[in-house]
J.: 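Dropping a structure here in structure tokens format, bear with me for questions.
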Amino acid sequence: QVQLVESGGGLVQPGGSLRLSCVTSGFTFSSYAIGWVRLAPGKGREGVSCIGSRGMTYYANSIKGRFTISRDNAKNTVTLQMNDLKPDDSAVYYCAAVKNLPYALENVLATNEYEFWGQGTQVTVSS
């Protein structure tokens with residue numbers, strides 16, 4: 001069965017860093033775009049970043065320059081390096097996968113239309 005398992009969340013002070021990982025199984029990882037979506041209390045889902053099957057990357061304006069997404073097709077894993085974290089970055093971060101979209105991949109940051117989802121990992125940025 002399809003699995004996406006996130007790890008690496010936790011409590012960090014403002015300005016600190018975290019590295020989230022998403023280990024996947026059960027589908028042809030190299031054919032899928034993988035994204036990170038976050039959900040904070042009182043806010044809607046926010047597409048944070050995504051990486052295409054060929055490695056093209058996209059970022060939300062709110063985190064551009066601070067977060068970096070990467071993928072390792074040999075390990076079926078996607079990583080989100082988060083630097084200079086701010087309290088507004090606090091949320092549950094979900095890893096998600098999609099193979100085909102009827103529009104350009106960068107637009108999935110707005111639609112969050114993924115086929116498969118993980119269970120999420122909590123990130124809390126607080127002093």
Side-chain angles (χ1 to χ4, degrees):
Q1 70 277 22
V2 172
Q3 287 190 315
L4 294 87
V5 181
E6 303 96 334
S7 63
L11 173 64
V12 63
Q13 293 186 342
S17 298
L18 284 174
R19 187 178 180 88
L20 304 184
S21 293
C22 173
V23 179
T24 75
S25 61
F27 61 97
T28 308
F29 178 82
S30 60
S31 297
Y32 280 69
I34 308 294
W36 289 93
V37 180
R38 66 187 183 187
L39 181 62
K43 300 181 181 180
R45 289 187 305 176
E46 179 185 12
V48 172
S49 180
C50 64
I51 184 166
S53 60
R54 298 181 181 181
M56 187 68 73
T57 58
Y58 303 95
Y59 298 95
N61 288 335
S62 60
I63 58 85
K64 198 170 292 183
R66 300 188 294 122
F67 293 8
T68 303
I69 191 171
S70 60
R71 66 187 296 156
D72 184 338
N73 287 346
K75 296 182 178 179
N76 293 349
T77 299
V78 169
T79 298
L80 185 69
Q81 177 67 43
M82 306 188 296
N83 298 328
D84 190 23
L85 283 161
K86 306 178 186 303
D88 282 349
D89 295 319
S90 297
V92 177
Y93 283 71
Y94 297 90
C95 173
V98 64
K99 184 174 182 180
N100 296 310
L101 288 167
Y103 45 76
L105 178 61
E106 62 186 309
N107 294 319
V108 81
L109 292 179
T111 66
N112 295 311
E113 290 181 335
Y114 292 95
E115 296 177 49
F116 309 126
W117 292 80
Q119 294 299 307
T121 185
Q122 177 71 49
V123 171
T124 303
V125 184
S126 175
S127 55

J.: Nearest 0.5 Å, please: how far is CD in Q119 from SG in C95?
T.: 11.5 Å
J.: So which atom in G47 and which in N112 form the shortest heavy-atom distance, rounded to 0.1 Å?
T.: CA-OD1, 3.4 Å
J.: So, does R71 use its side chain to make a donor-acceptor pair with the main chain of R54 at under 3.5 Å?
T.: no
J.: Let me check something: do L85 and V48 share a hydrophobic cluster, defined by ILVMFWY side-chain heavy atoms less than 4.5 Å apart, either directly or through other members?
T.: yes
J.: Judged by atom type as modelled, is there a donor-acceptor pair below 3.5 Å linking the side chain of S90 to the main-chain atoms of V125?
T.: yes
J.: Ignoring hydrogens and angles, state whether a donor on the side chain of S17 or N83 is under 3.5 Å from an acceptor on the partner side chain.
T.: yes
J.: Nearest 0.5 Å please: distance from the CG atom of L20 over to the OG atom of S7.
T.: 8.0 Å
J.: Should V12 and Y93 be regarded as members of a common hydrophobic cluster, given that ILVMFWY residues are connected when their side-chain heavy atoms come within less than 4.5 Å of each other, either directly or indirectly?
T.: yes
J.: When the ring planes of F27 and F116 are compared, do they come out parallel, tilted or perpendicular, using 30° and 60° as the limits?
T.: tilted
J.: Establish, from distance only, whether the side-chain atoms of T111 and Y103 form a donor-acceptor pair under 3.5 Å.
T.: yes
J.: Which heavy atom of S31 sits nearest to which heavy atom of K99, and what is that distance?
T.: O-CG, 3.7 Å
J.: Decide yes or no for V37 and W117: does some side-chain heavy atom of the first lie under 4.5 Å from some side-chain heavy atom of the second?
T.: yes
